[in-house]
Amino acid sequence: MEVFCTLKHITSSPTMKNSFENTYAVYLLVDEVLHITYKKDCVIDLKAAELIVRDRVMYQNCIEMPILCDIRQLRRIDKESRDFLALEGSMWIKAIAFLTGPPVTKAISSFYLEIQTQKVPSRSFTKKSEALKFLLENGMSK
Amino acid sequence: MQIEEDNRITDIYKLLLEMAKGNFFYRIELSDKNDEIEALKITLNMVNEEICASFNNQVLVPVYSNKRCVLQMSVLMNKDGVIEMINNETTRVLMRSSHELIGKSLTDFLSLEFVKVWDKKLRKLIQKERAETIFKLEFLALGGLSVMADCSLAVLKNKTGECSKILLNTIFFTKRESLGSRLNKKRKVHSNNSKKLKVILSPQDVQSIVALREFILCNLEKDLPNLKDLALRIGTNEFKLKYGFKELYGTTVFRFLTKERLRQAKSMIIQSRYSLKQIAAKNGFKSNTHFSRAFKEEYGFPPNVLRKWNT
């Protein structure tokens with residue numbers, strides 16, 4: 001499919017570590033948590049958001065996962081994308097933790113979490129360890 | 001350094017003034033800085049986006065003096081994208097006089113990021129036989145403000161089928177009354193005795209309805225009770241819920257539920273391997289036939305066609 005053509009495998013192994021990237025983000029699976037790191041200065045519009053979700057869903061292969069979303073390099077995301085990511089974009093997600101870098105991306109994530117309807121447990125953190133702890137408590141298989 | 005900071009704060013004041021006038025379509029240009037001023041600029045831009053969307057969907061919490069007006073920006077260009085004619089609203093939105101705009105290339109008033117988009121789209125469009133399209137552009141208004149809008153672009157052709165002129169149109173919603181509406185106001189006054197049922201909502205009613213919308217979005221698979229019971233559960237009455245929901249979200253509770261169920265079902269068709277029957281059941285549709293019919297009505301094609309496109 002055309003939309004998946006941007007997928008570029010960096011490593012691929014049968015073990016828990018597996019990663020790939022597209023134009024907007026790098027995806028890395030570590031200990032059952034999918035780490036998604038947005039690339040530097042990326043601007044997210046609806047087309048980009050759809051691609052990010054499609055690539056994630058294809059990678060997850062219909063398995064629900066906790067997501068650690070590192071948005072520290074993100075600079076712009078429009079309303080259409082925010083709405084899409086919060087609703088249609090929340091499929092196959094057990095819980096999501098945003099890793100932010102104050103003040104800009106903390107402001108973006110606070111706004112997103114406050115205004116957009118969240119269908120899964122969602123919170124933002126400035127420390128990765130706390131974000132992972134949240135995912136462990138809210139999004140791991142029991 | 002201090003001057004730069006002062007300029008950024010001036011931009012914020014300008015945006016706030018435009019917001020106070022009801023012009024929520026302006027945005028502040030962002031930089032790659034990571035400081036409190038930049039965070040404030042980003043938040044203000046996002047606030048404006050949310051308010052703008054409310055205007056577009058008629059989802060305004062009722063404020064009695066609100067007037068929703070439409071501003072239309074029309075720009076006629078030659079085939080190279082040089083502006084030849086504009087309407088009054090264009091000068092108002094871009095905060096520039098017609099002398100500053102006419103004779104210049106449209107790209108002079110686009111943000112850098114969108115200059116490339118414009119060049120690419122224009123080149124493609126001129127070559128096409130059916131030369132009309134809609135896409136996003138970001139215009140630069142005077143003094144650090146920008147305006148993002150969906151624009152319709154048409155290539156006007158002459159008798160021999162060659163591109164002769166380019167027409168760009170876009171609309172914005174504003175609270176300020178346009179000149180046309182001011183002129184027509186007197187004429188309308190006698191015929192405008194509103195017969196529309198207007199519901200007065202208390203802040204608690206608004207909160208309850210907003211919470212109900214959130215509940216629906218997070219529980220799409222669940223059926224809702226009838227309107228009377230639903231109103232009781234959220235602590236309001238049937239009348240307020242019925243007309244209040246419509247006032248806030250522009251649709252009825254049950255139509256909203258169906259629309260959101262279909263939206264989720266569409267995502268599931270694309271993103272999952274569930275059968276259509278499973279997707280119908282997971283989204284609260286009683287039968288496959290009902291699901292298929294509702295889906296086709298909403299999107300113009302049945303769910304099995306979408307599934308085929310995505311396999």
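Proteins get letters first, then strands, A, B, ... in listed order; numbering begins at 1 in each.
Comparing V104(A), I77(A), D45(A), V43(A) by how many heavy-atom pairs each has under 4.5 Å with chain B, the most go to V104(A). Between chain A and the options R263(B), E38(B), E113(B), heavy-atom pairs under 4.5 Å are most frequent for R263(B). Between chain B and the residues V120(A), T105(A), V57(A), the most heavy-atom pairs under 4.5 angstrom are made by V57(A).
Put simply, CZ on R75(A) and NZ on K33(B) are 11.5 Å apart, with the number rounded to the nearest 0.5 Å. Taken from CD in E50(B) to CD in Q116(A), the straight-line distance is 5.0 Å, to the nearest 0.5 Å. Here S267(B) contributes atom OG and F84(A) contributes atom CZ; the two are 6.0 Å apart, rounded to the nearest 0.5 Å. Of the inter-residue distances, the one linking L74(A) atom CG with I42(B) atom CD1 reads 8.0 Å to the nearest 0.5 angstrom.
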Notebook entry, point to check: Between R72(A) and N34(B), is a side chain to side chain donor-acceptor pair (under 3.5 Å) present by the stated rule, with each step listed?
Noted result: CA-CA 10 Å; R72(A) 285 177 293 183; N34(B) 186 16; over 6 Å; no

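In K47(A), the NZ atom is not crowded: 12 or fewer heavy atoms of neighbouring residues, nucleotides or ligands sit closer than 6.0 Å.
The shortest side-chain heavy-atom distance between K136(B) and E80(A) falls under the 4.5 Å cut-off. Contact annotation: the side chain of T117(A) approaches that of R213(B) to within less than 4.5 Å [non-hydrogen atoms, C-beta and beyond]. Contact check for K119(A) versus Q264(B): side-chain heavy atoms found under the 4.5 Å cut-off. Side-chain contact between C62(A) and Y274(B) is absent, with no heavy-atom pair separated by less than 4.5 Å. Side-chain atoms of R82(A) and M46(B), non-hydrogen and from C-beta on, do get closer than 4.5 Å to each other. Under the 4.5 Å side-chain criterion, counting only non-hydrogen atoms from C-beta, F111(A) is in contact with V47(B). In this structure, M148(B) and D78(A) have side chains that are not in contact, with every pair of non-hydrogen atoms separated by 4.5 Å or more. Looking only at side-chain heavy atoms (C-beta outward), R54(A) and I270(B) come within less than 4.5 Å of each other.
The part of L220(B) that comes within reach of chain A is its side chain, from C-beta onward, which places non-hydrogen atoms under 4.5 angstrom from that chain. Heavy-atom distances place the side chain of L87(A), and not its backbone, under 4.5 Å from chain B. Residue L217(B) touches chain A through both its backbone and its side chain, counting heavy-atom pairs closer than 4.5 Å.
The two residues P103(A) and A39(B) come nearest to each other via the heavy atoms O-CB, 3.6 Å.
With salt bridges taken as basic N to acidic carboxylate O contacts below 4.0 Å, none links E88(A) and K266(B). Here E138(B) pairs with R76(A) in a salt bridge; the nearest charged N to carboxylate O distance falls below 4.0 Å.
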